[in-house]
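These notes concern the structure reproduced below.
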Amino acid sequence: MAQDLKDTLQLPKTDFPMRANLVQREPSRLAHWEKLDLYAAIQRKNAVTGKTFVLHDGPPFTNGDVHIGTALNKTLKDITLRYKSLRGYRTPYVPGWDCHGLPIEQKVMRGLQAENKQVSTAEMRSLCDAFAESWIATQTKQFKRLGVQADWKNEYKTKAPAYEADIIRTFSAFVEKNLVYRSKKPVYWSIPFETALAEAEIEYKDHISTAIWVKFAVPVTEAAKFNLPSDKPLFVVIWTTTPWTIPANLAIALHPEVDYVVADLGAERILVAQALLPAVLEAAKHPDPSLVIGHSSLVIKGAKLEGLATQHPFINRASPVVLADYVTTDSGTGAVHTAPGHGAEDYLTGLRYKLDIYCPVGADGRYLDDGQVPADLVGITTLETVEDLAAKKPSPANLAVLKKLAGANALLAKAKYVHSYPHCWRSKTPIIFRAVDQWFVGLDRTSDTSPASPRDTALKSIAGVQWVPTWGESRIRGAVEARPDWCISRQRSWGVPIIAFYDADKNAFIDAEVIRAVADKIATKGTNFWYDAPTTEILAGVTLPAGWPAPVALTPGRDTLDVWIDSGSSHAAVLRNQQGATQWPADLYLEGSDQHRGWFQSSLWTSIIAFNGAPYKAVLTHGFIVGEDGKKISKSGQYEKPPTSDNFIAQYGADVIRFWIASQDFTQDITLSEKILNNASEGYRNLRNTLRYQLSTLCDFDPARDALSYEQLDTLDRWALHQTAKLLAEATAAYDAYEYHRVIQAVSSFCAVTLSAVYHDILKDRLYTLGTTNPLRRSSQTAIHHIFGVLVKILAPVLTFTADEAWAYATTKTEFTNDPIHLQDWPVADTAWTNSGIEADVAALLKVRAKVNEAIEPQRAAGKLGKSLDAVITLAIGSSDPLFNVLQKHRDFLPELFIVSHVTVQEGAGPNLEVTVRHGEELGYVRCPRCWRWVPSLEATSHGEVCPRCAEALKT
RNA sequence: CCACCCAUAGCUCAAAAGCAGAGCAGCCGGCUGAUAACCGGCAGACCUUGGCGCGAUACCAAGUGGGUGGACCA
């Protein structure tokens, strides 16, 4: 009989599974979308609105699986775009791949090395190409699995010939504006391989160097100029661990604020930092340092010595004193040997003082015969071979220089010095710093046609861009202001060549028109054309500028462009060409905050120079994923498996990962831990169950047939719609502000509190027990139908799979629909939904409800009461209290709201609300076996005895 | 060493110059008509110090801790 009655209830029913089983089921939804060509369908749908939102994709590097950090980036982009497309924007999104660069070249090279293979540059490039291509395929799969929706058919690759041609054309704009110049710059140099090395190709190892203290004589005339004593020979003493660079010494750097002292050693005087004098004397093994007194009258600030021209120990050349902040008194003499061709900071100092970037060492590591290097040094190598290292023998050059210094009586002291020193990862020999010719972009250059320098224009354009968060603006401004001239050449194979030619004397020839002509050829033939074809073919049909030698006399350069120009040209190669129906400038760039110095900046420079404006209207940045210990996830050892996107998806499913990402304030670093992801799973399940419950209550509801108008809706349902309107406004504002975590907070709270704990719970009675077509039941279903529509669309950008799944069940009662959620429009709340009168009343009543629950709890604990429906409540409150009237007004609604069997409102004596709880039984009530409410009496029906209300329901 | 950002409950996030609010987790219970679900109750937080304010977790300053970028080192 109980079962019989149960069958008369309208119990909720849905096929929408409670268990998401995302890991298994998401792929089939992806396949379904693919079949529908959903991306294209969305673009078609929004093509008529005239609104477009272009997010330009920053290309990930194609040398590995998609990292969870990359997943974060792509997911944020996807959420943004899906929201915008629901808002009616056409959202062409062309994904990109950054294919060139050292990491790939290195991986390929290490592979070849393991097999002991030698290949040509063109073969090398083909191997790199294949390597990149295979990762593009893998990453595409992984991004798709994550739910990233994009124009995959129109993807851009920086290694595609057409793209490479656009990189080269961008470069031609640099040349055209006369910004490109050639200059020497010190680079890491491997002597055995005769090649420049990148930072990543360096290994640091302990090295035994010969430290030397070298005396630079101060001529009498110079001493006089600077009020230094000249009755005895005076020397400035420098200290260095690389004796072989002494022939390239062009200056001595002092710190402007450090005190220097002239010390009398008896036969001669030396000038060193006062603080380091004892250490210098000790190194020089002075018999009795205590006798040496620095002339107290001769303590002098470094700044006062600027310009003092000392004499190089064995080359007839002055070595002037210059000033530099990096000079320390930690070690050495406080006077730093400066060879601008052999050190990064020496180089910068050299630039500041307009010194020659002098490098008398050839590519083979041997001293050149340049007319300055002493004849007995010419041809001697600076290379320290592996054998030398094993024998702890200094390089020939070091030995020769020591001999020269000793012979010139310039060697005050020498000592072994063990320190970490860069070595070539392939030859295992110490590298040298060696200045070689490089191509630069002069960022401060102006011309008649471009009176504003790139830097000025860049700074101006930064102000016109929206930076999210706002501190991004000062970050990039600082980076743009501080950036020195851009060194754009690299001595690599896997990259885009710099289109420059050289004659037999290594004179460079470069011209914008020629570059563009070559670019056109590369666009069809690929870059290997540059490496394989003879110059005559490369330049066939190209009109050479006046003054150029004939093609036969020219050799194509082997330098490649800095890879930042590759990705930095994407706006030109993609947006300007309207690839995938995009447009320039982009509405948004969205990348990690490290890109202020990377892609945001390189894109800005190329765009400023080539097109005179920023390539983006807004730039949004996010932080990085860190482990619980606050360390970057890649360095944080908390996960056994590599932190790849796929590994996390395999455990949680894409929607949970997306939910987690959306729930975080991504302007900060984002913490990832098992606990946090489990939290996210829990949050996800809550939302899923809420959607599921709504679907189940709508099982017999056909909106076209059953929906009521707002005017016909019940109070509680109107209240729920009011809350929904508030949620929608909040979520919309949060989406617009890119504050997705606030969307999640709002929706989670709405589902858990407003719906699950209050609205849905209260609704059960009327939805289950009333007759199918009862207006009150239809009222609630109408409201739920509206609420579901809002909720599922708010969630759609984040829970792409689940929202569509729920949408499919709502519209077709099956798992899939051919009209997916992502093709719908953003919901609109009817203005009538906002009803503050009802909101105020119900809010007051809900407070009473909380009091009632509080009062029920002790009874429950005492075992007197089970479910709240067993309770009969008496409320007593002073009639002067405004609440009294509210309670009276809604008297008939109270049992339902409190989910109790009966409520009596009395005029109370005290000022406070008094709640009395009794079991229905105590009042002599009987329990209706159908709706479980306690009522004064039951009626007989064909289904047995039930309460009058149920009897009524059973008639229909 | 410099610049910038951040600091609220175990976790993820709110708010507001005037009693700091949620979700998840926790603890105790209920229900068995959302059931690997659901409901109720409980408990739990403003980094430290100073300043201006009637009043500061919020504004200012210093410190501490964490992060990012740079400088330096190589």
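Each chain gets a letter, A, B and so on, in the order the sequences are listed, and its residues count up from 1. Everything numeric here is computed off the predicted structure, so don't read it as measured data.
For A:S756 against B:A34, a side-chain-to-base donor-acceptor contact under 3.5 Å is present. For B:A36, its base sits under 3.5 Å from the side chain of A:R19 at one donor and acceptor pair at least.
Each of A:D761 and A:Y693 lies near RNA chain B, and the nucleotide nearest A:Y693 is the one positioned closer to the 5' end.
A:F788 meets the ring pair (Phe, Tyr, Trp, His ring centres under 6.0 Å) test with no other residue; sequence neighbours excluded. Listed by chain and number, the residues in a salt bridge (Lys or Arg N to Asp or Glu O under 4.0 Å) with A:R930 amount to none (sequence neighbours excluded). Every salt bridge (Lys or Arg N to Asp or Glu O under 4.0 Å) that A:K726 has, sequence neighbours left out, goes to A:E839. Applying the ring pair (Phe, Tyr, Trp, His ring centres under 6.0 Å) rule to A:H760 yields the partners A:Y693; only residues at least two apart in sequence or on another chain are considered. Take A:S663 and apply the side chain to side chain donor-acceptor pair (under 3.5 Å) test, not counting sequence neighbours, and it matches no residue. Evaluation of the ring pair (Phe, Tyr, Trp, His ring centres under 6.0 Å) rule for A:W934 yields A:H919 as partners, not counting sequence neighbours. Applying the ring pair (Phe, Tyr, Trp, His ring centres under 6.0 Å) rule to A:F16 yields the partners A:Y809; only residues at least two apart in sequence or on another chain are considered.
Looking only at distances, a side-chain donor or acceptor of A:R777 sits under 3.5 Å from a matching main-chain atom of A:L767.
Among pairs with a residue in residues 843-861 of chain A, those fulfilling side chain to side chain donor-acceptor pair (under 3.5 Å) read A:E857-A:R860, at least two apart in sequence or across chains.
Stem analysis of RNA chain B (at least three stacked-register Watson-Crick or G-U pairs, each with both distances under 3.5 Å) gives B:1-7 with B:64-70, B:10-13 with B:21-24, B:26-30 with B:38-42, B:47-51 with B:59-63.
In the region residues 846-861 of chain A, proximity to RNA chain B at under 4.0 angstrom, judged on heavy atoms, holds for A:N853, A:E857, A:R860. Remark: A:S663, A:Q664, A:D665 in residues 659-666 of chain A come within less than 4.0 Å of RNA chain B through at least one heavy atom.
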List the atom pairs, donor and acceptor, that lie under 3.5 Å between side-chain atoms in residues 465-473 of chain A and the rest of the protein, sequence neighbours left out.
| from | atom 1 | to | atom 2 | distance (Å) |
| --- | --- | --- | --- | --- |
| A:W467 | NE1 | A:I462 | O | 3.0 |
| A:W467 | NE1 | A:V465 | O | 3.3 |
| A:E473 | OE2 | A:R477 | NH2 | 3.3 |

